[in-house]
Amino acid sequence: MAQYTPMIQQYLKIKSSHRDAFLFFRLGDFYEMFFEDAVKASQFLEITLTSRDGGTKERIPMCGVPHHSAANYIKQLVEAGNKVAICEQVEDPKVAKGVVKREVIQIITPGTVMDHNLLKETENNFIASVAFGEEEYSIVLNDLSTGELKGYQFRGDASMLMQEVQALHAREVILSSRVYEEIAEPLRLRFQITSSIQDESEVPGPFAHLLGGNESPLLKEACGRLFHYLLHTQKRALEHIQPVSVQHLNEYMKLDSFSKRNLELVETNRAKGKKGSLLWLLDRTVTGMGSRRLKQWIEQPLLMPEQITQRLGVVEELMQEFFVRQELRDQLKKVYDLERLAGKVSFGNITARDLIQLKHTLGSVPGIKQSLSQLKNPYSLEISEKMDLHENLFDYLERSLHDDPPLSIKEGGIIKDGYHEELDTYRDASVNGKAWIASLEQRERNETGIKSLKIGYNRIFGYFIEVTRSNLSQIPEGRYERKQTLANAERYVTPDLKEKERLILEAEEKMVALEYDLFLQIREHVKGYIQSLQELAKQLSGIDVLQAFATVSEEQRYVKPVLSGSNRVEIINGRHPVVEKVMDAQEYVPNDISLNSERSMLLITGPNMAGKSTYMRQLALTAIMMQIGCFVPADQAELPLFDQIFTRIGAADDLVGGQSTFMVEMLETRYALKKATSESLILLDEIGRGTSTYDGMALAQSIVEYIHHHIGAMTLFSTHYHELTVLESELKSLKNVYVSAIEEQGKLVFLHKVIDGQADKSFGIHVAQLAELPTGVIERAKEILLDFESNDNSPKKAVKEAEKAAEEDTQLSLFAEETRSSKKREASAVEQELKSLNLLEMTPLDAINALFKLQKKVK
Ligand code: ADP
């Protein structure tokens with residue numbers, strides 16, 4: 001290292017403690033990168049790679065970006081999951097002895113961006129910190145831009161953790177070095193989430209109060225890790241971080257990452273976009289904060305009946321009071337992103353323009369409060385009463401800041417007249433001086449008789465009197481001092497002019513410095529309001545979401561749901577809200593759903609594309625809508641509060657994640673069977689489809705039985721295994737329903753109507769017939785089907801048929817008995833084995849192996 005120049009030595013020293021970041025090293029007006037950083041950045045950012053002499057034989061690779069346009073380059077790097085350490089000169093180069101002192105002043109990482117260019121208005125930017133215990137772990141989630149801090153505690157292992165982190169939409173995860181190896185790489189590859197190491201996890205003193213009385217060691221550890229990481233990367237006090245709100249499982253419906261994905265709550269499965277999701281449908285918010293709040297609500301439906309009732313009450317009234325709603329919407333449109341403004345205040349990068357946005361926001365609060373107070377329900381009244389108008393702060397900003405300040409906070413033009421006496425004096429001096437100079441022009445013209453004489457100003461020479469060459473002779477001797485000669489004019493000054501100029505410049509210099517100081521004081525003053533502004537932001541964003549619910553509910557003709565006291569689902573003419581919304585020409589066919597203790601499981605059959613999945617999702621989405629406080633798509637709806645919703649979809653591929661279809665299906669099913677309670681809702685869509693018919697069917701049946709006997713959760717189960725419909729006679733609470741389709745003028749018409757009973761099993765051949773496959777093919781298919789059915793080696797069916805035969809013909813009873821017992825022997829062996837399988841403890845691979853063995857036995 002000694003052979004490098006002192007500056008490169010300084011660079012290497014700083015880089016050694018920021019190995020995982022691109023080091024933006026400030027050199028004059030540029031941020032430079034060297035060595036490997038330079039090579040990588042030049043490729044990624046498509047900027048020229050050069051080199052410089054660093055004292056050694058070989059030149060050092062180098063590339064750089066101008067300081068004023070760095071934001072855009074930083075954005076590109078960070079969006080791709082990289083970190084950027086900003087290293088600034090921290091002393092004045094003019095007074096520095098030797099190499100200018102430099103320090104990293106901030107590390108920008110995907111989870112800690114504060115720059116509005118890098119943040120999406122309607123989305124939170126979350127960073128997660130993790131602590132592991134024995135079979136359980138804690139996650140704390142923070143949005144640095146808004147200060148929100150949430151804590152979660154889960155049971156499970158590293159693979160569950162990864163799912164959760166993804167489901168919580170974290171951009172970055174902070175881990176201890178102990179688990180980093182195991183987790184970082186899969187997180188990056190599967191979900192493009194950046195990981196960072198932070199081993200220090202004692203909660204730092206200034207943050208201790210954020211934990212409230214929380215004593216959970218894992219939660220503390222995760223918080224400590226987060227705070228250290230934030231201090232390390234941001235290098236400043238972060239007063240806007242809010243006390244951790246621990247997410248208690250009994251307050252919110254639990255939705256695992258599979259279900260959020262399968263139900264397309266906030267993004268669609270295929271396109272991965274918001275369009276087509278429940279969020280898309282419901283997002284009639286008018287503020288970015290409201291949109292973010294809505295997303296949080298959708299992913300955390302409530303389990304507390306009072307809160308749900310409160311929200312529903314406001315939505316109901318806002319639906320009826322159209323004008324109040326319209327007023328509220330109009331007022332809210334004038335509200336800026338208060339949460340992020342509060343974040344910027346604390347972060348110390350708020351500009352005068354931001355503070356004006358804050359002022360305008362506060363300016364619309366009285367109107368919002370007034371509108372809310374017109375509603376009669378107790379909840380909105382409560383919000384309106386609690387709403388702090390922040391009149392003092394509003395007046396303060398109104399008094400101190402110009403309405404249209406410049407972007408820069410260092411060049412003056414920010415503070416209003418009359419706010420500060422000293423500033424006013426300087427302003428007067430400057431204004432008077434300028435007025436004096438303006439009058440000077442006229443005076444000199446009169447006294448010298450030179451009509452074209454003028455006063456000018458430039459940065460280098462200051463104020464001057466300019467006289468064109470042809471008039472020079474008219475200037476009285478000794479009147480002016482020569483300053484500058486131009487091609488066809490001379491420029492002059494006078495002692496008076498110089499004196500005035502000095503006064504003006506001095507006043508302006510002082511003015512700018514003083515304005516900057518005053519601005520910093522204003523900023524400091526506003527800091528005192530961070531917490532109450534955050535509170536106000538919560539109230540405003542909550543109201544925005546409720547008005548969005550009312551707006552969409554009215555438009556889509558949703559009804560107010562009733563919370564069932566007797567644990568039953570009774571939905572009349574229910575609809576799938578998103579499918580209904582995107583259907584253009586056709587009419588959505590509404591369906592009823594009725595579930596209760598005698599009818600807690602529905603086995604749904606019907607041809608492909610009939611509407612089985614839609615029917616099942618319809619129920620889940622209706623439940624979620626009710627539990628977030630929105631009206632629901634039906635004519636009438638009564639539902640219980642579901643503690644969890646599980647959705648398992650056959651053939652959902654996770655190819656990117658490197659897991660096979662069937663494996664994913666089994667993983668999801670294992671999770672559902674392990675976690676579901678009698679108060680959960682389970683949707684199983686074509687489970688078992690991912691493997692061969694018999695083991696798929698066996699598995700499907702045993703899963704249905706398990707839920708029926710051991711869990712008792714309300715369950716909708718769609719299947720193309722018609723054989724399973726016999727379960728209706730064996731399982732007390734299971735009922736068959738099917739989605740109907742008919743033939744009309746030689747065409748297959750899906751009626752999308754769900755009816756009690758079971759579908760016609762030879763539907764496939766029927767469809768083929770309608771598609772006009774050659775008659776020979778159809779006839780042969782019918783034959784083969786018959787053959788299959790008579791040779792059916794599904795044990796149950798054989799037994800049933802033997803029984804039937806025995807009833808019909810006593811002569812055959814002996815044979816029947818034989819068949820029964822031989823088949824039973826096979827069946828019971830298989831059944832025994834099936835029963836003995838402990839599904840919860842099996843890995844998907846074990847399950848496949850076990851199935852393979854079972855199948856071999858019956859083949
Ligand atoms: P399945 O699960 O039976 O294969 P889906 O539920 O995927 O069928 O439905 C297939 C398509 O049928 C949907 O994309 C939708 O366009 C239409 N559909 C489903 N249910 C209805 C309904 N109740 N009314 C109108 N169209 C429907």
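In each ligand, atom 1 is the first atom listed, and ligand 1 is the first ligand listed.
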Could you tell me whether [X] and ligand 1 have an N or O pair separated by under 3.5 Å?
{"X": "Tyr615", "answer": "no"}
{"X": "Val579", "answer": "no"}
{"X": "Ala610", "answer": "yes"}
{"X": "Ser613", "answer": "yes"}

What protein heavy atom is closest to [atom], reported as residue, atom name and distance in Å?
{"atom": "atom 25 (C) of ligand 1", "answer": "His752 CD2, 3.4 Å"}
{"atom": "atom 9 (O) of ligand 1", "answer": "Thr614 OG1, 3.4 Å"}
{"atom": "atom 23 (N) of ligand 1", "answer": "Val589 O, 2.8 Å"}
{"atom": "atom 4 (O) of ligand 1", "answer": "Met609 N, 2.8 Å"}

Using the side-chain hydrogen bond (donor to acceptor under 3.5 Å, both in side chains) rule, pick out the option among Glu580, Gln618, Gln556 that qualifies with Arg575.
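Only match with Arg575 under side-chain hydrogen bond (donor to acceptor under 3.5 Å, both in side chains): Glu580.
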Out of curiosity, is Met583 lining ligand 1, as in a heavy atom under 4.0 Å away?
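True for this residue.
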Pi-cation contact, Trp297 with Arg292 (under 6.0 Å, within 45°)
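That pair does not qualify as a cation-pi contact.
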Part of Arg575 with heavy atoms under 4.0 Å of ligand 1, whether side chain, backbone, both or neither
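No part of Arg575 comes within reach of ligand 1.
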Side chain, backbone, both or neither: the part of Pro607 lying under 4.0 Å from ligand 1 by heavy atom
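Answer for Pro607: backbone.
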When rounded to the nearest 0.5 angstrom, what is the spacing between CE in Met714 and CG in Leu619?
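Output value for this atom pair is 8.5 Å.
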If you measure only the distance, is there a donor-acceptor pair under 3.5 Å linking the side chains of [X] and [Y]?
{"X": "Gln300", "Y": "Gln247", "answer": "yes"}
{"X": "Glu570", "Y": "Ser594", "answer": "yes"}
{"X": "Glu705", "Y": "His710", "answer": "no"}

Option passing salt bridge (Lys or Arg N to Asp or Glu O under 4.0 Å) with Asp256 (candidates Lys674, Arg261, Arg648)
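That would be Arg648.
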Report, in ascending order of atom number, the atoms of ligand 1 lying under 4.0 Å from any heavy atom of Gly611.
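Those of ligand 1 that fall under 4.0 Å from Gly611 are 1 (P), 3 (O), 5 (P), 6 (O), 8 (O), 9 (O), 19 (C), 20 (N).
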Run the salt bridge (Lys or Arg N to Asp or Glu O under 4.0 Å) test on Arg599 and Asp756 for me, step by step, so that the C-alpha distance in whole Å, both residues' side-chain angles and the decisive distance to 0.1 Å come before the verdict.
CA-CA 12 Å; Arg599 186 189 158 95; Asp756 279 1; 3.3 Å; yes
